[in-house]
Enquirer: 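Quick one: this structure, given as C-alpha cells, is what I'll be asking you about.
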Number of protein chains: 2
Amino acid sequence: MPPRSTIAKFPLELVKTACSNCNLRELCLPLGLNDHELAKLDELVSARKRLKRGEHLYRSGQPFDAIYAIRSGFFKTDVLVEDGRDQVTGFQMTGELLGLDGISSEVHTCNAVALEDSEICTIPFTHLEGLSREIHTLQHHFHKVMSREIVRDHGVMMLLGMMRAEERLAAFLLNLSQRFTARGYSPAEFNLRMTREEIGSYLGLKLETVSRAFSRFHEDGLITVQQKHVRILDTQGLKKLMTHERE
Amino acid sequence: MPPRSTIAKFPLELVKTACSNCNLRELCLPLGLNDHELAKLDELVSARKRLKRGEHLYRSGQPFDAIYAIRSGFFKTDVLVEDGRDQVTGFQMTGELLGLDGISSEVHTCNAVALEDSEICTIPFTHLEGLSREIHTLQHHFHKVMSREIVRDHGVMMLLGMMRAEERLAAFLLNLSQRFTARGYSPAEFNLRMTREEIGSYLGLKLETVSRAFSRFHEDGLITVQQKHVRILDTQGLKKLMTHERE
DNA sequence: CGTGGCGTTTGATCCACGTCAACGTGAATT
DNA sequence: AATTCACGTTGACGTGGATCAAACGCCACG
C-alpha cells in the first residue's frame, strides 16, 4: 500500500502520476529503466484513475487506445457470450497490466471489473509504442510482459484441459499465494476478492464444486477457510495434490 | 504452395529467404510494410529451415533466441508435465508465428512439432526488436500479432471452460475452416493433420469422445468424415450447435 | 500379398461433476 | 436488534464424458 502521507509532500503535477515515485517499479513496466528513462515514462503515463468495487475499467466492444497498470486493488476480466454464459479469463493484481487483448483489433475483447476499490494508471498505447522505439529496455520489457501473458494463458489451458476439480483449485490457491508473496504479503494467509462463482467460472467449475473442494481441503488439513479468508497450512500437500496422477 | 519454378529464377542469395518475394506477405509479419521496409526485413530473416513430419522445431527448456514464421506446413505446440499428462496448446499453419511464449523467460516453454513436412523462417528476436524500433509499422504489427495470440488463448479458455464436447469440436472445425479459407483453400473440405488424440488433448477431451462427436456430426448430416478427411456440409448447423444453450 | 501396428470406431460401464434444492451465514441497512 | 439479501455450504440425484475393452481399417514393410 502506498503511504498517502509521502504523496502529499509532492507538488500536484508530480502527484498526478509518477512511475519514478511508484513502489511498483519492480513489478510493473518501469522494471530495469534508469532515472532518465523513468522520467520519460512518467510523462506518458497520463492519468491516474480510481474505481470503486464493481465498476468497469473498460467493457468488451469499446475502442482500445490505452493499456492500464494496476496501482492498487484487484480486478477480474471476463467475456460474456450472447447465450448468457460467461467466462472469467483472469484475475489481476497490483503491478499487472490490463488491456493487452485490445491491441490486436483496437477494440477491447473482454470486460475489466474492479473487485475492490482500486487505482490504475492509464498508458496511452501509441505513446507507449513511441517510447518503446526510443528506450530499448522498455521495449524489451513490454514484450516480456505480453509473452508472460501468453504463458499464463497456456497455464490456464492446461488447468482447464487436464486437471480435475481439486487439482484446479489447488493450482489456483498456489498461484494466488505466489503472487501475494511477490508483493510482500503473506504467502499463507489472504482474503479472496472474488466469489465462489467467479472462481468457478475461471476454473471451469460450478460454484458448488468449488465450495466442496474448499471444504475437502479444510477437512484434509491443507487449509482453513472461512468465507473469503483463506490460510494455507500445507503448501507441499497442495502441490502434491495439484500434480497427482490418477494411478 | 510456392511455385518452385519461380524460385529457381532468382540468384541463390535471394532464395535463402525473401519476405519481399513470399506469397505470405499478407498473412505474416511483413503485412503493411513498404518496399524499402520489406528489404530490411529480408535482411533479418536469416535462415529458412525444412522439417520432416514429426520433427521438433524447438523443445521446452531450450534457450529462446528467435521466433519462427511458418512458410509452409503445419505444427502443433504442446506442454508435457512430469506425471505423463500433456496438453496441446495450439495448432499453427502457414503464415503464423511460433515461439512467442519464449520471450518472457528467454526459454521455450512448450514443444513445437511439425505435423507434416514443413518449412519455416527463422527471425532472430533481438534483430526483430531492433528493426521494430526503426519501422513503426513493423512494431505495431508485431504487437498486434502478440495480442492476437492472447485473444486466441482466451477463446480456447472459453472453449475449455464452458463448452461441452460437441460444442468444442464444432468450434474447432469452424476455426480450421476459417483459417484454411484465409489461405485460399476450400472452407468446406480439408485434411486434418492431427490425430484424434491430439484434437482431444487440445479440446480437453479423450480421443474416444472426439471420435464419437465426429460420428454424431456425420449422422446428423453436418459433415462427412473419413479418417482425416473432413467435408463440412452445414456450416450454419455447426455454428448453431457451437453456441447452443442447454435449455 | 500377407502381416503387424497404429489410429480409429463403437459398445458397455463407471464416476466426477453438474443440477436442483434446502438451509446457513455474515455484512449492510434501518 | 431486526430485516434483508447476496453469498456460501451441504445433501441427493442425474448425466456427460472418462474408462475399459474389443474389433476394424489403413498403411508400411518384408
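Chain letters run A, B, ... following the sequence lines, proteins first, then strands; residues in each count from 1. Quick note: numbers below take in every heavy atom, side chains included, and nothing from hydrogens, waters or symmetry partners.
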Enquirer: Could you give the CZ-to-C1' distance, from B/F217 to C/dT9, as a whole number of Å?
Expert: 16 Å

Enquirer: Consider the side chain of B/T195, meaning its heavy atoms from C-beta on, and name the nucleotide among C/dA16, C/dT8, D/dG8 that approaches it most closely.
Expert: C/dT8

Enquirer: Between A/R179 and A/E96, is there a side-chain N and carboxylate O pair less than 4.0 Å apart?
Expert: yes

Enquirer: Is it the case that C/dC20 (base atoms only) and A/E208 (side chain only) share a donor and an acceptor within less than 3.5 Å, ignoring hydrogens and angles?
Expert: yes

Enquirer: Please confirm whether the ring centroid of B/F190 lies under 6.0 Å from the ring centroid of B/Y185.
Expert: no

Enquirer: Using heavy-atom distances to pick each residue's nearest nucleotide on DNA chain C, tell me which of A/T209 and B/F214 is more 5'.
Expert: B/F214

Enquirer: If I take atom CD1 in residue A/I199 and atom P in nucleotide D/dC7, what distance separates them, rounded to the nearest angstrom?
Expert: 13 Å

Enquirer: Any side-chain N or O of A/S215 under 4.0 Å from OP1/OP2 of D/dT9?
Expert: no

Enquirer: What is the distance from CG of B/L169 to P of C/dT9, rounded to the nearest Å?
Expert: 11 Å

Enquirer: Starting at atom CD of A/Q226, determine the distance to atom P of D/dT9, rounded to an integer number of angstrom.
Expert: 10 Å

Enquirer: Is the closest basic N to carboxylate O distance between A/E167 and B/R85 below 4.0 Å?
Expert: yes

Enquirer: How would you label the contact of A/G204 with the nucleic acid (heavy atoms, under 4.0 Å): base, sugar-phosphate, or nothing?
Expert: sugar-phosphate

Enquirer: Hey, are A/K52 and A/D117 close enough for a salt bridge, meaning a charged N less than 4.0 Å from a carboxylate O?
Expert: yes

Enquirer: Strictly below 4.0 Å: does B/S211 bring a side-chain N or O up to OP1 or OP2 of C/dT9?
Expert: yes

Enquirer: Measure the distance from NE2 on A/H218 to C1' on D/dT9 and round it to the nearest whole Å.
Expert: 13 Å

Enquirer: Does B/L205 reach a base, just sugar-phosphate, or nothing at all? Heavy atoms under 4.0 Å.
Expert: sugar-phosphate

Enquirer: Choose from D/dT19, D/dC26, C/dG26 the nucleotide whose nearest atom is closest to any side-chain atom of B/Q227.
Expert: D/dC26

Enquirer: OP1, OP2 of C/dA27 versus side-chain N and O of A/K228: anything below 4.0 Å?
Expert: no

Enquirer: Take atom CG of A/N191 and atom C1' of D/dC7, then tell me their distance rounded to the nearest Å.
Expert: 15 Å

Enquirer: To the nearest Å, give me how far apart NE2 (A/H229) and C1' (C/dA27) are.
Expert: 17 Å

Enquirer: To the nearest angstrom, how far is A/R216 atom CZ from D/dT10 atom C1'?
Expert: 15 Å

Enquirer: Any donor-acceptor pair, under 3.5 Å, between the side chain of A/R212 and the base of C/dT19, if you only look at N and O atoms?
Expert: yes

Enquirer: About how many Å separate CZ of B/F64 and OG of A/S147, when rounded to the nearest 0.5 Å?
Expert: 7.0 Å

